[in-house]
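Since the model is a prediction, treat every value here as computed from it, not as a measurement.
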Amino acid sequence: MAIIVNVDVMLAKRKMSSQELAQKVGITPANLSILKTNKAKAIRFSTLDKICEVLDCKPGDILDYKK
């Protein structure tokens, strides 16, 4: 069971760089990279909220569940 973070997909759809997203969300590029590579153990709701705000999406657009 795993929760998959598809930030790359939304970044491509919005034609935005990882660097730009990290800056707008207020997280380090390293922490964004951890999310993108699915190595994160947790994410704060406030961070998820800001990512969704910046990318104009819903949490379900960037989070997926695989068995």
So CG of Asp8 and NZ of Lys36: to nearest 0.5 Å the spacing works out to 4.5 Å
Do Lys24 and Met16 come close enough that some side-chain heavy atom pair is under 4.5 Å?
yes
Are Ile4 and Ile34 connected into the same hydrophobic cluster when the rule is that any two of I, L, V, M, F, W, Y join if their side-chain heavy atoms are below 4.5 Å apart?
no
For Ile51, run the side-chain contact (heavy atoms from CB on, under 4.5 Å) check against Val5, Ile62, Asp61 and tell me which one passes.
Ile62
Please say yes or no: joined through hydrophobic side-chain contacts below 4.5 Å, possibly via intermediate residues, are Val25 and Val9 part of one cluster?
no
Grab the two heavy atoms, one from Arg14 and one from Asp56, that are nearest each other, plus how far apart they are.
NH2-O, 2.8 Å
Ignoring hydrogens, what is the shortest heavy-atom contact between Pro59 and Cys52? Give both atom names and the distance.
N-SG, 3.5 Å
As a test of understanding, state which of Asn38, Leu63, Leu21 forms a side-chain contact (heavy atoms from CB on, under 4.5 Å) with Val7.
Leu21
Keeping Ser33 on the side-chain end and Pro29 on the backbone end, is there a donor-acceptor pair under 3.5 Å?
no
Euclidean distance, Asp49 CG relative to Arg44 CZ, rounded to 0.5 Å
13.5 Å
Measure across Leu11 and Ser17 and return the closest heavy-atom pair with its distance rounded to 0.1 Å.
CD2-O, 3.8 Å
Can you establish whether the number of heavy atoms outside Gln23 located under 6.0 Å from its atom CD is more than 12?
no
To the nearest 0.5 angstrom, please state how far the CG atom of Asn6 sits from the NZ atom of Lys13.
9.5 Å
